[in-house]
Amino acid sequence: MQNFFTPKSVAVIGASKNKKKIGHIIFKQIITKYKGKVYPINPKEEKILNKKCYPSVLKVRAKIDLAVIAVPAKAALNVIESCGKKKIRNIILVTSGFKEIGNHDLEKQLYNLLKKYKIKCVGPNCLGIFDAHSNLDTLFLPEEKLTRPNKGSISFISQSGALGSALVDLAAYEGYGFAKFISYGNATNLDESDYLEYLDKDPKTKVICLYIEGIKDGKRFIRTCKRIKKPIIVIKGGKTKKGSEATLSHTGSMAGAYNIYKGAFKQSNLIVADSLEQMFHIAKLFITCPKPKGDRVQVITNGGGYGIVTADGLELNNIPLAKLSNRTTKKLKKSLPEICTISNPMDLVGDADTKRYKLAIGTCLRDKNNDILLVILLPQTPLITKDVIKIFKKTKKPILLVMTGGKQTQQFKKVLEDHGLPVFDFPDHAVKALKKYLT
Ligand code: COA
């Protein structure tokens with residue numbers, strides 16, 4: 001599988017001079033960003049973007065580790081035959097027009113051809129791969145339209161290319177760091193289990209997000225997931241009757257009854273996200289938080305209403321609110337102004353400054369009666385300034401932050417996130433992600 005992510009040489013079959021064509025965008029992207037050797041393949045051209053062009057991979061003398069194919073479906077099998085003869089063992093087949101449109105014969109022929117030449121194929125009907133660490137990028141969505149995330153440790157496997165890439169764009173905007181993104185389409189001979197197995201061994205990946213429409217081999221999937229040590233957060237498309245009808249014409253997947261999937265996910269210890277947004281919220285906790293010893297949460301806030309809403313959320317989600325130890329209560333009663341509520345939620349009130357937060361957080365971190373701190377920081381109040389960052393040092397207990405607000409708050413939030421803190425827009429987001437993280 002490694003040749004899908006760090007090949008020494010790549011052929012782009014269907015590379016084109018025409019800027020509007022997918023083969024052009026993929027080729028341009030790879031030669032601009034990737035360090036390995038890149039060969040454009042097109043029988044009509046001598047040169048593309050100043051690179052010598054070859055009529056077929058068979059005319060390239062050097063070894064080719066990976067072929068990215070963007071020719072129409074009717075030409076794809078011939079192209080793959082030449083890849084087989086050239087001993088290319090990894091291909092990414094972007095092309096649509098197989099079983100997702102009912103073309104089962106062509107998909108079967110493709111399957112047999114891949115088997116004959118022992119070729120591993122990502123796709124067809126996919127975007128392929130984006131590797132933030134090696135910079136291999138086969139997504140045909142230009143960078144001026146879709147921002148790529150920075151290097152990080154989330155890997156995202158998506159059966160849907162468009163859904164996956166839109167989320168990649170948003171994740172990049174929100175500052176999530178990625179290891180790999182894999183859009184795998186129809187999954188003809190590589191499916192979710194193959195990618196999961198690979199990512200489990202990938203040192204750059206810490207947490208795996210997975211969007212699936214249908215699982216090809218359920219038993220293998222459960223076996224694989226049980227072996228995997230890294231957290232897998234899954235979301236399933238096609239949970240309803242109408243949704244599952246749509247998966248057939250999207251990736252040609254049989255969605256099946258959602259209850260069966262839910263059972264399989266439970267057996268496999270997967271974390272099931274309730275929404276696409278939540279999938280990344282949970283991933284954020286795995287990336288940034290140390291493992292808590294228990295589930296007791298202490299809430300600290302500078303807004304009373306926010307404290308109440310958070311306490312409600314915790315109780316409704318069966319997450320226990322911690323009880324302050326007598327020592328902590330005594331110490332804080334002595335050191336904090338009388339107007340503060342020393343309880344859970346702990347209200348530091350609207351004129352809280354960095355010093356007050358430092359005292360409350362530091363004391364609660366030392367209190368053995370809690371395992372997790374949920375800190376609400378409403379930065380609109382006059383005395384909260386960016387120097388509050390200084391108080392969030394590396395701790396053994398997870399600290400989740402909630403910051404709600406417009407432009408200024410979002411900028412402030414970004415600064416804290418750049419320091420590796422998990423910040424959420426709403427208490428509800430933090431609580432629900434925490435619930436999934438703890439299970
Ligand atoms: N070897 C090398 N190049 C070949 C070839 C072959 N055997 N056969 C054709 N080509 C060249 C063509 O000449 C063309 O280059 P040109 O612009 O210089 O003429 C290039 O490959 C592309 O072929 P073309 O016929 O122009 O196809 P296209 O670019 O319009 O469409 C696909 C090709 C793959 C993009 C299209 O069939 C497709 O599948 N689109 C949907 C992709 C998609 O949505 N995937 C799922 C994402 S989630």
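Atoms within a ligand are numbered from 1 in the order they appear, just like the ligands themselves. Being a predicted model, the structure only gives us computed values, none of them experimental.
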Open item on the list: Is the contact between V71 and ligand 1 made by the side chain, the backbone, both, or neither, using heavy atoms and a 4.0 Å cut-off?
Closed with: both

Open item on the list: If you define the side chain from C-beta out and look only at heavy atoms, does anything of N103 sit under 4.5 Å from K99?
Closed with: no

Open item on the list: Quick one about S16 and N18 (side-chain donor to acceptor, distance below 3.5 Å, no hydrogens or angles considered), yes or no?
Closed with: no

- [ ] Please indicate, with yes or no, if any protein heavy atom is found under 4.0 Å from atom 41 (C) of ligand 1?
- [x] yes

TODO: Please work out whether any backbone atom (N, CA, C, O) or any side-chain heavy atom from C-beta onward of H24 is under 4.0 Å from ligand 1, and answer side chain, backbone, both or neither.
DONE: neither

Open item on the list: Geometry only, no angles: is K17 polar-contacting ligand 1 at N/O separations under 3.5 Å?
Closed with: no

Open item on the list: Quick check with a 6.0 Å cut-off and a 45 degree axis cone: is K59 positioned over the face of Y54's six-membered ring?
Closed with: no

Task: Nearest neighbour in protein (non-hydrogen) for atom 48 (S) of ligand 1 - done: G161 CA, 3.7 Å

- [ ] Could you tell me whether T95 approaches ligand 1 through its side chain, its backbone, both or neither, with non-hydrogen atoms closer than 4.0 Å?
- [x] both

Open item on the list: Tell me if the NZ atom of K262 is crowded by more than 12 foreign heavy atoms within 6.0 Å.
Closed with: no

Open item on the list: Among all protein heavy atoms in this structure, tell me which lies nearest to atom 37 (O) of ligand 1, with the distance rounded to 0.1 Å.
Closed with: P72 CA, 3.5 Å

Task: Crowding at CD, E315 (>12 non-hydrogen neighbours, <6.0 Å) - done: no

TODO: Could you verify whether a donor N or O on one side chain and an acceptor N or O on the other, from Y306 and T404, lie under 3.5 Å apart?
DONE: yes

Open item on the list: Is the positively charged end of K386 above the ring of F412, judged by distance under 6.0 angstrom from the centroid and angle within 45° of the axis?
Closed with: yes

Open item on the list: Please check whether S96 reaches ligand 1 - meaning an N/O of the residue sits under 3.5 Å from an N/O of the ligand, judged on distance alone.
Closed with: yes

Open item on the list: Tell me if a side-chain donor or acceptor on T354 pairs with a main-chain N or O of D387 at a distance below 3.5 Å.
Closed with: no

Task: Element-labelled atoms of ligand 1 that are located less than 4.0 Å from some non-hydrogen atom of A70 - done: 22 (C), 33 (C), 34 (C)

TODO: Identify, by atom number and element, the atoms of ligand 1 in contact range of K21, meaning under 4.0 Å from any of its heavy atoms.
DONE: 16 (P), 17 (O), 19 (O), 26 (O), 29 (O)

Task: Nearest non-hydrogen protein atom, atom 20 (C) of ligand 1 - done: G14 O, 3.5 Å

- [ ] Number the atoms of ligand 1 from 1 as they appear, then name those within less than 4.0 Å of a heavy atom of I13, with their elements.
- [x] 1 (N), 2 (C)

Task: Contact bool for atom 18 (O) of ligand 1 (protein heavy atom, d < 4.0 Å) - done: yes

- [ ] May I ask you to check if ligand 1 and V94 share an N or O to N or O distance below 3.5 Å?
- [x] yes

Task: Presence of salt bridge, K180 and D202, under 4.0 angstrom - done: yes

Task: atom 31 (O) of ligand 1 touched by protein (heavy atom, under 4.0 Å) - done: no

- [ ] Using distance alone, determine whether S183 and ligand 1 share an N or O pair under 3.5 Å.
- [x] no

Task: Where ligand 1 meets S16 - atom numbers and elements under 4.0 angstrom, heavy-atom basis - done: 15 (O), 16 (P), 17 (O), 18 (O)

TODO: Measure the distances from the heavy atoms of G23 to every atom of ligand 1 and state whether one is below 4.0 angstrom.
DONE: no

- [ ] Test the K204-F5 pair against the cation-pi criterion, namely NZ or CZ under 6.0 angstrom from the six-membered ring centroid and within 45° of the ring axis.
- [x] no

Task: Sub-4.0 Å atoms of ligand 1 with respect to non-hydrogen atoms of I22 - done: 35 (C)

- [ ] Could you list which atoms of ligand 1 come closer than 4.0 Å to a heavy atom of I41?
- [x] 2 (C), 3 (N)

Open item on the list: Quick one: does any side-chain atom of N42 pair with a main-chain N or O of K44 as donor and acceptor, under 3.5 Å?
Closed with: yes

Open item on the list: Just by distance, no angles: are the side chains of Q29 and Y34 close enough, under 3.5 Å, to form a donor-acceptor pair?
Closed with: no

TODO: Check whether NZ of the Lys or CZ of the Arg K432 lies under 6.0 Å from the centre of the six-membered ring of F426 and within 45 degrees of that ring's axis.
DONE: no

- [ ] Taking only heavy atoms of N42 into account, list the atoms of ligand 1 that are under 4.0 Å away from them.
- [x] 2 (C), 3 (N), 15 (O), 16 (P), 18 (O)

Task: Subset of ligand 1 atoms that lie under 4.0 Å from at least one heavy atom of P43 - done: 1 (N), 2 (C), 3 (N), 4 (C)

TODO: Tell me which part of S56 gets within contact of ligand 1: side chain, backbone, both or neither, using heavy atoms under 4.0 Å.
DONE: neither

TODO: State yes or no: are the ring centers of F4 and Y198 separated by less than 6.0 Å?
DONE: no

Open item on the list: Does any N or O of ligand 1 fall below 3.5 Å from an N or O anywhere on N18, backbone included?
Closed with: no

TODO: Could you check if a side-chain atom of L163 sits within less than 4.5 angstrom of a side-chain atom of L276, using non-hydrogen atoms only?
DONE: yes

TODO: If you have a sec, work out which protein heavy atom is nearest atom 7 (N) of ligand 1 and how many Å separate them, to one decimal?
DONE: V79 CG2, 3.4 Å

